[in-house]
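Sequential numbering from 1 along the given sequence is applied to the chain's residues. Indexing begins at 1, ligand by ligand and atom by atom, following the structure's order.
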Amino acid sequence: MKYKTRFRKITFAIVLLAITAGLCACGMFPEFEADIEENPESQTEKLIVIGYSQLGSESIWRTANTASMQKAFTKENGFFLIMENGRQRQENQIKSIRSFISQRVDYIVFSPVTATGWDTVLQEAKDAGIPVIITDRMIDVADESLYTAWVGTDAHAEGKKAGQWLEQDLKKRGLQYEDINIVILTGTEGSSAADGRSAGFKEVAQRYDNWHILAEGCGDFTPAKGKEVMKTFLKEYSDIDVIVSQNDDMTFGALEAVHEAGLTTGIRGDIIVISFDATREALEMVKEGTINVDIECNPEQGEAVVELIRRLEAGEEVEKKNPVEEEVFSISNVGLHMDERTY
Ligand code: GYE
């Protein structure tokens with residue numbers, strides 16, 4: 001295993017040097033040429049090559065997640081990053097993973113757009129002896145040995161926190177015995193982020209006969225689709241009490257639809273809004289009272305992945321599942337956290 005990794009690094013170094021020499025000979029990449037000439041060995045041989053497939057660029061959260069990975073996988077940190085964007089399609093991600101295998105990268109890191117359908121390609125990575133680290137969302141495979149570890153967010157726990165917050169909020173306002181009509185804007189179909197949040201929320205909802213989930217509609221984690229789905233809900237139902245929107249981007253779209261329909265939201269509004277992610281823009285709305293609560297989903301996972309790889313390189317055992325820390329933000333605590341929020 002060790003030998004294989006070293007062999008791959010050296011092969012990669014030779015290929016990279018050959019390509020660079022070719023490009024520099026043609027007059028491209030002049031700055032890079034200078035680096036290589038100064039110290040060819042240190043520029044390439046020591047770097048750990050990461051093939052990283054990001055699932056898309058659908059949300060503010062995703063942009064922050066990509067930035068966190070890029071910030072962590074730098075040459076200064078000892079990495080050579082090959083990054084590809086799956087554009088929200090599993091087939092694109094599978095193609096990228098296959099190309100990482102044929103490039104004989106040291107590690108494959110990927111954020112899976114959907115949970116199922118990875119068994120074959122991950123078996124190919126395993127056969128090639130390339131460790132796989134899953135980030136952000138989770139996969140659903142029969143054989144857990146197909147990936148080395150996961151660093152990500154616990155969507156089921158997030159959904160449950162949303163339900164528990166509603167439970168408490170209704171109690172506080174003495175509304176716990178009222179009929180509560182709920183609509184859910186779900187994220188990408190078949191993603192662990194959407195399915196986990198739905199299941200977690202419903203785990204709480206099913207305890208209450210007076211909570212009625214009127215409808216669920218997929219907004220694919222984007223503002224445009226969030227708005228579209230919310231419009232159809234508003235046409236169909238005149239008595240919505242709660243919107244559970246599985247990310248902030250869809251919430252922004254949904255809020256537009258609600259406001260255009262002449263309704264208000266938030267702590268003094270007609271409709272309670274529960275959102276997920278806790279991006280800066282959404283936290284501003286929690287602060288001003290338009291969104292009632294935002295369940296944090298932490299995109300800053302790059303450092304944790306780097307740490308995990310360092311431990312694997314040192315031959316240490318690592319935990320298989322590594323959820324990142326996450327909070328719940330409502331008007332009562334949001335002020336304390338605004339300053340540290342960069343995305
Ligand atoms: O909540 C959403 C994004 O997978 C946890 O994907 C992530 C989700 C996040 O597009 O905004």
Side-chain angles (χ1 to χ4, degrees), residues 52-69 85-90 92-93 109-118 133-140 150-162 184-201 216-227 229-230 243-255 273-283 285-286 291 293-302 304-305 321-329 341-343:
Y52 170 48
S53 164
Q54 175 58 291
L55 68 84
S57 37
E58 74 288 359
S59 64
I60 300 171
W61 188 96
R62 186 66 49 203
T63 306
N65 181 240
T66 304
S68 167
M69 293 294 178
N85 184 336
R87 305 195 184 286
Q88 294 258 65
R89 299 184 78 104
Q90 183 176 43
N92 293 342
Q93 292 201 278
V109 178
F110 83 106
S111 169
V113 62
T114 48
T116 58
W118 301 101
I133 295 169
I134 317 284
T135 63
D136 163 28
R137 299 181 186 170
M138 199 22 158
I139 55 169
D140 183 2
W150 165 80
V151 173
T153 56
D154 187 341
H156 190 275
E158 292 164 358
K160 204 166 162 184
K161 286 181 204 169
I184 306 180
L185 288 169
T186 55
T188 303
E189 265 168 42
S191 68
S192 68
D195 293 351
R197 286 171 190 169
S198 295
F201 180 76
E216 292 175 64
C218 177
D220 213 11
F221 287 131
T222 68
K225 289 200 186 149
K227 182 169 182 179
V229 176
M230 194 62 223
I243 299 170
V244 179
S245 164
Q246 292 182 346
N247 85 341
D248 287 341
D249 300 72
M250 291 191 295
T251 304
F252 300 146
L255 289 178
V273 178
I274 300 177
S275 191
F276 292 80
D277 281 357
T279 57
R280 193 178 174 85
E281 203 179 333
L283 290 186
M285 292 183 179
V286 172
I291 294 175
V293 66
D294 210 321
I295 315 298
E296 185 182 27
C297 179
N298 183 355
E300 298 193 316
Q301 301 169 8
V305 180
K321 297 194 177 156
N322 304 276
V324 288
E325 281 182 22
E326 307 183 305
E327 293 200 35
V328 173
F329 297 112
R341 188 55 95 230
T342 55
Y343 52 89

Mark up the atoms of ligand 1 that fall under 4.0 Å of a heavy atom belonging to [X], in ascending order.
{"X": "A193", "answer": "4 (O)"}
{"X": "R62", "answer": "3 (C), 4 (O), 6 (O), 7 (C), 8 (C), 10 (O)"}
{"X": "C297", "answer": "5 (C)"}
{"X": "N247", "answer": "2 (C), 11 (O)"}
{"X": "S59", "answer": "2 (C), 3 (C), 10 (O), 11 (O)"}

Q: Working to the nearest 0.5 Å, report the span between CH2 of W118 and CZ of F110.
A: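 Result: 5.0 Å between the selected atoms.
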Q) What residue and heavy atom of the protein are closest to atom 7 (C) of ligand 1, and at what distance? A)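 Checking every protein heavy atom, the shortest distance to atom 7 (C) of ligand 1 gives D136 OD1, 3.3 Å.
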(Q) With a 4.5 Å cut-off on side-chain heavy atoms, are N85 and S57 touching? (A)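 In short, these two side chains touch, coming nearer than 4.5 Å.
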Any chance the side chains of [X] and [Y] put a donor and an acceptor closer than 3.5 Å?
{"X": "Q54", "Y": "N65", "answer": "yes"}
{"X": "S198", "Y": "Q246", "answer": "yes"}
{"X": "T222", "Y": "D249", "answer": "no"}

Q. Looking at R62 and D136, does any basic side-chain N land under 4.0 Å from a carboxylate oxygen?
A. yes
**Q.** Heteroatom distance test (D277, ligand 1): nitrogen or oxygen, under 3.5 angstrom
**A.** yes
Q: Would you check the N or O atoms of E58, main chain and side chain alike, for any that come under 3.5 Å of an N or O of ligand 1?
A: yes
Q: Tell me which part of R197 gets within contact of ligand 1: side chain, backbone, both or neither, using heavy atoms under 4.0 Å.
A: side chain
